[in-house]
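Throughout, numbering of the chain's residues begins at 1 and tracks the sequence.
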Amino acid sequence: MSGSGGTSTASVSSAPPAQEEGMTWWYRWLCRLSGVLGAVSCAISGLFNCVTIHPLNIAAGVWMIMNAFILLLCEAPFCCQFVDFANTVAEKVDRLRSWQKAVFYCGMAIVPIVISLTLTTLLGNAIAFATGVLYGLSALGKKGDAISYARIQQQKQQADEEKLTDTLEGEL
């Protein structure tokens, strides 16, 4: 029985995460820490949002608590040890590309704000939204250096000058 569980774990972990293609280790940990802090922020603000009689605030608070659970499940599955499928979900989320995570996290953070635009929902979802922004920035890739950019511009300028001289010689 343990042999079959070990082989399935090895086959799942053999696929490289899509995230490691351009992220440094410290940026990956920054994104994870931001996700955990965003989950804590969403949970606390969601609880405060639920203490009201206004139904839209209660709906936004419940959505924020659900966001907190999903963020913890995706970014820190060790916090959700009571959930049987936590590690499976975390492995699948790690295989997503950075832009997909960015869209997912930012979308999750915007929904409660659309439901009920209050200061509690804005502040509670700010860190969760920032997590999506961090993943989105990592999807853009590494910034090039000035020397490479100058070299590319110089090559383009030389190509333009050659075209200009070819057209001028063709007219003579």
Side-chain angles (χ1 to χ4, degrees), residues 1-52 54-141:
M1 188 170 216
S2 63
S4 65
T7 57
S8 66
T9 306
S11 65
V12 170
S13 62
S14 65
Q19 212 174 11
E20 291 186 13
E21 56 199 30
M23 291 174 70
T24 58
W25 66 269
W26 61 267
Y27 195 79
R28 192 174 320 118
W29 279 102
L30 176 70
C31 290
R32 292 213 182 256
L33 179 67
S34 174
V36 171
L37 291 177
V40 170
S41 170
C42 276
I44 292 171
S45 297
L47 285 174
F48 280 124
N49 228 13
C50 285
V51 182
T52 184
H54 197 270
L56 289 179
N57 283 351
I58 295 172
V62 169
W63 189 278
M64 289 171 66
I65 293 170
M66 184 187 67
N67 283 354
F69 177 71
I70 291 172
L71 273 171
L72 276 179
L73 193 65
C74 295
E75 297 296 326
F78 61 87
C79 293
C80 302
Q81 291 180 358
F82 58 90
V83 179
D84 294 335
F85 57 88
N87 289 330
T88 308
V89 171
E91 288 173 0
K92 287 183 181 181
V93 169
D94 281 342
R95 284 192 218 115
L96 291 176
R97 298 202 184 276
S98 295
W99 70 267
Q100 292 169 330
K101 281 182 155 182
V103 168
F104 182 64
Y105 290 158
C106 288
M108 279 188 345
I110 287 176
V111 171
I113 295 171
V114 170
I115 292 173
S116 172
L117 181 62
T118 61
L119 188 62
T120 308
T121 56
L122 281 174
L123 295 178
N125 288 307
I127 302 175
F129 189 82
T131 303
V133 170
L134 286 173
Y135 277 113
L137 289 175
S138 72
L140 290 176

For Y27, is the OH atom crowded, meaning more than 12 foreign heavy atoms sit under 6.0 Å from it? yes
For V93 and F104, what are the C-alpha separation, side-chain angles and deciding distance, and is it a side-chain contact (heavy atoms from CB on, under 4.5 Å)? CA-CA 11 Å; V93 169; F104 182 64; over 6 Å; no
So, T131 side chain and I127 main chain: donor-acceptor pair closer than 3.5 Å or not? yes
Distance-minimising heavy-atom pair for A139 and W99: CB-N, 3.6 Å
Are W29 and L33 close enough that some pair of their side-chain heavy atoms sits under 4.5 Å apart? no
Of all the heavy-atom pairs spanning L96 and Q100, show the shortest one and how long it is. CD2-OE1, 3.5 Å
side-chain contact (heavy atoms from CB on, under 4.5 Å) with I65: which of L47, I44, N49? L47
Once you round to the nearest 0.5 Å, how far does CG of N57 lie from CE of M64? 10.0 Å
Rounded to the nearest 0.5 Å, what's the gap from OG on S34 to CG on L134? Could you check? 5.0 Å
If you apply the rule side-chain contact (heavy atoms from CB on, under 4.5 Å), what do you find for K92 with T88, and how did you get there? CA-CA 6 Å; K92 287 183 181 181; T88 308; 4.1 Å; yes
Which atom names give the shortest non-hydrogen contact between A68 and C42, and what distance separates them? CB-CB, 4.0 Å
Any donor and acceptor pair, going by atom type alone, linking the side chain of S98 with main-chain N or O of G136 inside 3.5 Å? no
From CD1 (I113) to CG (L122), nearest 0.5 Å: 5.0 Å
Interatomic spacing from OG1 in T24 to CG in L30 - rounded to 0.5 Å: 9.0 Å
Return the CD1 to CH2 distance between I110 and W63, rounded to the nearest 0.5 Å. 12.0 Å
Checking the side chain of N125 only, and the main-chain atoms of T121 only, is there a donor and an acceptor separated by less than 3.5 Å? yes
In Å, rounded to the nearest 0.5 Å, how long is the span from CG of L71 to OH of Y105? 6.0 Å
Using the salt bridge (Lys or Arg N to Asp or Glu O under 4.0 Å) rule, take R32 and D94 through it: C-alpha gap first, then chi angles, then the decisive distance, then the call. CA-CA 11 Å; R32 292 213 182 256; D94 281 342; 2.7 Å; yes
Minimum heavy-atom distance A76-V36, with the two atoms named: CB-CG2, 3.7 Å
State, to 0.1 Å, how close A59 and I115 come at their nearest heavy-atom pair, and which atoms those are. CB-CG2, 4.2 Å
Run the numbers on L137 and L140 for side-chain contact (heavy atoms from CB on, under 4.5 Å), then give the verdict. CA-CA 5 Å; L137 289 175; L140 290 176; 4.1 Å; yes
